[in-house]
Amino acid sequence: MSRKAKGARPVYFENPENDKLLAMLMAVVGEVSVLRERLDTFERIAASKNLVLREEVERFEPDEKAAEQREQWRREYIDRVLRIVRQDLESQAAGETQGTYRQALELVNG
Amino acid sequence: MSQFQHSVLPKTGLDERAREGFVITLKHFLASEISPGNKVVYEKSVAPALETAGADITRHSIRKEMLRQPYYRMWSALQRTSQEMQWDAVTTCVERQLDDLVKASKNSTARGSLTLDPQLPLPKYHAAVDIHCQPGGYHTETRADDVAAGAMYDRAVYIYAMGRMGDCNEDMGASAVAYIHKQFPDFKPRRILDMGCAVGHSTIPYAQAFPEAEVHAIDVGAPMLRYAHARAQSLGATVHFSQQNAEATNFPDGHFDLIVSHILLHETSAKAIKNIMKEIDRLLSPGGVMCHAEVPQYEGMSAFDAFMLDWDTYNNNEPFWGPMHDMDLVKLAQGAGFAEKSVFQAVVPSAIETAAAKKGRTDVLQGGDFAGSGVWFVYGARKRLSA
């Protein structure tokens with residue numbers, strides 16, 4: 001089955017390679033999250049039973065509390081990865097530019 | 001919060017559930033934490049620049065300027081990527097169990113009916129690009145009795161709406177039913193038609209709300225209809241599915257008392273939408289009602305809000321999304337023969353009142369946040385009682 005939808009993909013950045021790097025990065029980000037949940041599942045089952053069974057792990061469905069904890073973890077995780085995007089706005093709000101940094105360089109070296 | 005596991009919903013392994021869960025959280029994070037920054041950038045940089053230049057403030061002039069903003073570009077690229085990750089996750093899951101899904105879909109034949117038409121031409125507006133980036137669109141088949149596109153769509157709608165459309169993705173149908181009950185309290189349709197039904201997730205609320213009525217549902221995609229038929233049976237609903245184009249169906253004149261659609265209109269074309277209205281006029285009995293559920297029109301919205309809602313037009317393979325949301329819908333209905341005073345347009349509340357759905361809403365109308373606002377838009381008209 002095809003993984004590509006018919007229709008040209010928009011180009012978002014000045015350098016189209018950056019579009020691909022972002023997609024690659026997000027795929028890795030997603031897979032780390034998948035890995036983390038698998039580990040979390042092992043830990044929770046091991047803690048409750050002192051025994052880890054593969055089939056049990058595969059069937060595991062978190063209860064409401066565990067699901068909420070996972071959701072919370074994922075939000076924090078995504079927030080960490082996307083920190084740089086939010087930093088842009090914070091930097092703008094603080095009135096920072098490359099120019100203000102040059103001023104700081106001059107200030108301390110002057 | 002989880003999707004109801006009816007008999008043909010793809011089963012998920014641990015990693016598949018985690019992959020889908022990740023996409024839901026990512027989409028919600030983008031909608032609630034990253035997307036609001038676009039307004040900050042707009043107000044701080046773009047609006048003053050447009051004002052200084054003396055430019056008209058429209059969603060188009062805003063778009064032109066926002067495309068230069070690194071923050072907007074990054075959000076937009078992430079949004080597109082989240083959509084691709086969603087389809088990748090569901091495609092992988094469906095592909096590995098397709099044999100079982102085909103078998104399960106064939107096992108159910110007791111209720112309703114399924115009529116396919118392999119000769120039906122695929123409309124150009126579906127062949128041009130794969131709508132909302134679903135690989136293969138609604139129609140592609142890779143094997144006999146294929147149901148893959150339906151299985152992918154059912155699961156992806158749940159992820160796309162982040163579970164806020166209910167356990168069976170029933171929100172749009174249920175919300176429109178509530179409006180119809182309120183607006184036409186004594187209305188008892190004998191036959192109902194749902195146009196562009198996809199997997200029938202919006203059709204079933206009508207079968208439940210009007211148990212005496214004969215319910216029909218049409219779509220151009222065969223894999224959608226095979227899946228929809230099996231899905232309806234598993235959910236105990238009797239629906240007659242047939243492969244037809246809403247522009248020209250084979251039903252007799254005046255056959256239906258109620259004709260509905262859900263996010264169908266924006267997936268057609270300028271020409272097709274007029275044909276569909278004329279066909280509805282032909283199919284409705286005197287006093288019959290048409291009701292289409294969509295996302296609100298751009299009219300009356302701020303230019304910035306319209307710009308944000310217009311993201312799908314350029315970034316999610318929804319080429320008719322923007323033009324449709326700009327249309328004069330009264331004129332459209334009139335053009336097909338409906339009386340101006342019978343036309344209704346309303347913003348209605350979501351029928352899903354669960355704590356999980358409420359908690360997940362952002363209460364904003366914006367691209368990439370489907371079902372996040374807690375409201376839908378209904379549009380329709382009532383046919384004259386006598387010719």
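Here the structure is a predicted model, which is why all the values come from computation and not from measurement. Numbers restart at 1 for each chain; the letters A, B, ... are given by sequence-line order, proteins then strands.
- For E95(B), the parts lying under 4.5 angstrom from a heavy atom of chain A are both the backbone and the side chain.
- The two atoms that bring E14(A) and P16(A) nearest to each other are O-CD, 3.6 Å, heavy atoms only.
- Ring-centre distance between Y153(B) and Y138(B): below the 6.0 Å cut-off.
- Side-chain contact, D88(B) with T91(B): no donor N or O sits under 3.5 Å from an acceptor N or O.
- Heavy atoms closer than 4.5 Å to chain A are found in the backbone of Y314(B), but not in its side chain.
- Considering only heavy-atom pairs separated by less than 4.5 Å from chain B, the leading option among R74(A), E37(A), K4(A) is R74(A).
- In this structure, no portion of V81(A) lies under 4.5 Å from any heavy atom of chain B.
- Here the two rings, on Y77(A) and W73(A), have centers that are under 6.0 Å apart.
- Contact annotation for E84(B): only side-chain heavy atoms (C-beta onward) come within less than 4.5 Å of a heavy atom of chain A.
- Heavy-atom distances place the backbone of A128(B), and not its side chain, under 4.5 Å from chain A.
- Taking M85(B), H132(B), R17(B) one by one and counting their heavy-atom pairs under 4.5 Å with chain A, the maximum is reached by R17(B).
- Contacts with chain A were tallied for A148(B), G136(B), S45(B), S76(B); S76(B) has the most, counting heavy-atom pairs under 4.5 Å.
- Using cut-offs of 30° and 60° for the angle between ring planes, the H139(B) and H126(B) rings count as tilted.
- Heavy atoms closer than 4.5 Å to chain A are found in the side chain of N317(B), but not in its backbone.
- Both the backbone and the side chain of M74(B) come within contact range of chain A, with heavy atoms under 4.5 Å apart.
- Highest contact tally toward chain B, considering only S2(A), P10(A), G7(A), is held by P10(A) [criterion: heavy-atom pairs under 4.5 Å].
- Neither the backbone nor the side chain of R70(A) comes within less than 4.5 Å of any heavy atom in chain B.
- Contact of N18(A) with chain B is not made at all, since no heavy-atom distance falls under 4.5 Å.
- In terms of heavy-atom pairs under 4.5 angstrom with chain A, the leader among V23(B), T142(B), L26(B) is L26(B).
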Start with the C-alpha distance between E31(A) and M26(A), add both sets of side-chain angles, then the distance that settles side-chain contact (heavy atoms from CB on, under 4.5 Å), and finish with yes or no. CA-CA 9 Å; E31(A) 288 308 303; M26(A) 291 312 292; over 6 Å; no
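- Checking V8(B), L98(B), V199(B), D154(B) one by one against V147(B), the side chain to side chain contact (heavy atoms under 4.5 Å, CB included) holds for a single residue, L98(B).
- Interface summary for chain A: among E16(B), R80(B), K44(B), the most heavy-atom pairs under 4.5 angstrom belong to R80(B).
- With chain A as partner, the option from T12(B), T25(B), T81(B) having the largest number of non-hydrogen pairs under 4.5 angstrom is T25(B).
- Residue V46(B) is tested with R68(B), Q69(B), K64(B) for a side chain to side chain contact (heavy atoms under 4.5 Å, CB included); the sole match is Q69(B).
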Would you list the atom pairs, donor with acceptor, under 3.5 Å between side chains in residues 30-42 of chain B and any protein atom, with sequence neighbours excluded?
residue	atom	partner	partner atom	Å
S32(B)	OG	R75(A)	NH2	3.0
S32(B)	OG	H28(B)	O	2.7
E33(B)	OE1	R86(A)	NH1	3.4
E33(B)	OE2	R75(A)	NH2	3.1
S35(B)	OG	Q366(B)	OE1	2.8
N38(B)	ND2	S35(B)	O	3.2

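- The environment of CD in E353(B) is crowded: more than 12 heavy-atom neighbours from other residues, nucleotides or ligands sit within 6.0 Å.
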